[in-house]
2 protein chains.
Amino acid sequence: MFSKACEYGIRAAVYITLQSLEGRRVSVNEIAEEIDSPIAFTAKTLQLLTRNDIIKSVKGPTGGFEIDREEMNNVKLNMIVKAIDGDKIFKGCGLGLKECNANKPCPLHDKFVDIRTNLSKMLGSTSLYELAMGLEVGLTFLKR
Amino acid sequence: MFSKACEYGIRAAVYITLQSLEGRRVSVNEIAEEIDSPIAFTAKTLQLLTRNDIIKSVKGPTGGFEIDREEMNNVKLNMIVKAIDGDKIFKGCGLGLKECNANKPCPLHDKFVDIRTNLSKMLGSTSLYELAMGLEVGLTFLKR
DNA sequence: TATTAATCGGACAAAATTGTCCGAAATAAA
DNA sequence: TTTATTTCGGACAATTTTGTCCGATTAATA
């Protein structure tokens, strides 16, 4: 479904959100440890999120990644997916046709539109804050 | 969503179904031409489908691929997807956790279950015959 | 000011996926 | 029986994705 980069990106963003709620800025090393992901590859992904203004980074000692209290609610998963995987999952044809739309649909077009509309709605309405809350109360997990 | 191999596999299977309805057995070359896919790679995928008893192959001159009239209704897309991509799309965690279930869910678990249930139902209820019918009446397409 | 700890970014490496080639086996037909 | 045409299957190649390394840059602090 999502690329590895995207999976790590979402997990990392949720962890950053959780820690930012406590006022803690976190390093790539800590993030990778806590979400059980490869450090350097995760760093690349975080740079992507930073360049897309989804999270904030600070260089130097005491530096790391954080996210504003307000942004936690504004940032929805579709923004992260789009920043990392692009919009092929939102727009591409399920059977790989270059040009597939209502006028010239693949055999699966209509049924795929349904599935994707659901996915799109779900990702577009799920905020980092919401996901971090489940983590905070110990209901959900980011590794294993 | 699906791998390239799987996209080709589904398109090829639908084309084979369409031609089998007319009693025509088709070669890899014709299939690849009609679904606009790489010949040799498509051949590999068709071997997979053959080994999984989803389609039938006949060697030698006048040989090629076909599917029984009855099987067109029995074969659902989930069987093709499972044969080619395995069941990671049906069972794997959306955020890539090795172990993710109701007892130890990732933050997206419940929402993902919904999406996947939809996808699973759709793939499990869509037959090759059904898709071939749309093609036959010129309502849907397999290339471009 | 020097040191240290952090991200940034480019080059590189490994692994997985996608795609190609070709000889072997099968089989229909001349 | 020979030839021609097809799938089968293994080896190989190219591309994309995933993952690593390291020097440059930034900035806090001793």
Side-chain angles (χ1 to χ4, degrees), chain A residues 1-13 16 19 24-33 35-67 81 83-86 88-89 92 95-96 98, chain B residues 1-13 15-16 19-20 24-33 35-67 81 83-86 88-89 92 95-96 98:
Chain A
M1 180 79 78
F2 303 133
S3 69
K4 280 292 168 194
C6 194
E7 292 175 355
Y8 299 149
I10 294 175
R11 275 152 62 194
I16 293 167
Q19 294 305 319
R24 292 190 63 234
R25 191 182 284 159
V26 286
S27 71
V28 179
N29 285 279
E30 177 180 339
I31 294 169
E33 168 68 26
I35 71 174
D36 192 29
S37 69
I39 300 179
F41 191 61
T42 303
K44 288 270 188 275
T45 304
L46 290 174
Q47 286 176 39
L48 248 184
L49 295 184
T50 301
R51 276 200 289 274
N52 281 270
D53 297 314
I54 289 172
I55 57 178
K56 281 165 74 174
S57 73
V58 177
K59 285 186 181 179
T62 79
F65 297 90
E66 62 188 3
I67 179 168
V81 173
I84 299 176
D85 282 349
K88 65 178 186 303
I89 202 172
L95 296 188
K98 287 152 201 153
Chain B
M1 179 80 80
F2 303 134
S3 67
K4 282 289 168 196
C6 193
E7 291 176 358
Y8 299 149
I10 294 175
R11 275 151 63 191
Y15 182 73
I16 293 167
Q19 294 305 318
S20 285
R24 292 190 63 235
R25 191 182 286 159
V26 285
S27 71
V28 179
N29 285 279
E30 177 180 339
I31 294 169
E33 169 68 28
I35 71 173
D36 192 29
S37 68
I39 301 178
F41 191 62
T42 303
K44 287 273 188 272
T45 304
L46 289 174
Q47 286 177 38
L48 249 184
L49 295 183
T50 302
R51 277 200 288 274
N52 280 270
D53 298 313
I54 289 171
I55 57 179
K56 281 165 74 173
S57 74
V58 178
K59 286 184 180 181
T62 77
F65 297 90
E66 63 189 3
I67 178 168
V81 172
I84 299 175
D85 282 350
K88 65 178 185 298
I89 203 171
L95 297 187
K98 288 152 202 153

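Every value quoted in this text rests on a predicted model; they were computed, and no experiment measured them.
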If you compare all heavy atoms of B/Ile84 against all heavy atoms of B/Ser3, which two are closest, and at what distance to 0.1 Å? CG2-OG, 4.3 Å
Could you list all N or O pairs between the protein and nucleotides 1-6 of chain D that sit under 3.5 Å apart?
residue : atom : partner : partner atom : Å
D/dT5   : O2   : B/Pro61 : N            : 3.3
D/dT6   : O4'  : B/Gly60 : O            : 3.3
D/dT6   : O2   : B/Gly60 : N            : 3.1

Is there a side-chain contact between [X] and [Y], using heavy atoms and a 4.5 Å cut-off?
X: A/Phe65; Y: A/Gln19; value: no
X: A/Ile16; Y: A/Leu49; value: no
X: B/Ile89; Y: B/Phe2; value: yes

Here the residues of residues 47-57 of chain A within 4.0 Å heavy-atom distance, strictly under, of DNA chain C are A/Gln47, A/Thr50, A/Arg51, A/Ser57
Once salt bridge (Lys or Arg N to Asp or Glu O under 4.0 Å) is applied, do any residues pair with B/Lys98, and if so which ones, sequence neighbours excluded? A/Asp36
d(B/Arg11 CZ, B/Thr45 OG1) to nearest 0.5 Å is 11.0 Å
Rounded to the nearest 0.5 Å, how far does CE of B/Met1 lie from NZ of A/Lys88?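 The distance works out to 11.0 Å.
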Quick test: give all pairs of protein nitrogen or oxygen and nucleotides 13-22 of chain C nitrogen or oxygen below 3.5 Å, distance rounded to 0.1 Å.
residue : atom : partner : partner atom : Å
C/dT18  : OP1  : B/Lys4  : N            : 3.0
C/dG19  : OP1  : B/Tyr8  : OH           : 3.4
C/dG19  : OP2  : B/Tyr8  : OH           : 3.0

Rounded distance (Å) that lies between atom P of C/dA6 and atom CG of A/Leu46: 15 Å
Whole angstroms only, please: what is the CD-C1' distance between A/Glu30 and C/dA5?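 Answer to the nearest Å: 14 Å.
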Using modelled atom types and a 3.5 Å cut-off, is there a donor and acceptor pairing between side-chain atoms of B/Ser20 and backbone atoms of B/Ile67? yes
Return the set of residues passing ring-ring contact (aromatic ring centres under 6.0 Å, His included) with A/Tyr8 (not counting sequence neighbours), or none when no residue passes. A/Phe41
Side-chain atoms of residues 51-63 of chain B: list all donor-acceptor pairs with protein atoms under 3.5 Å, sequence neighbours left out, distances to 0.1 Å.
residue : atom : partner : partner atom : Å
B/Asn52 : ND2  : B/Leu48 : O            : 2.8

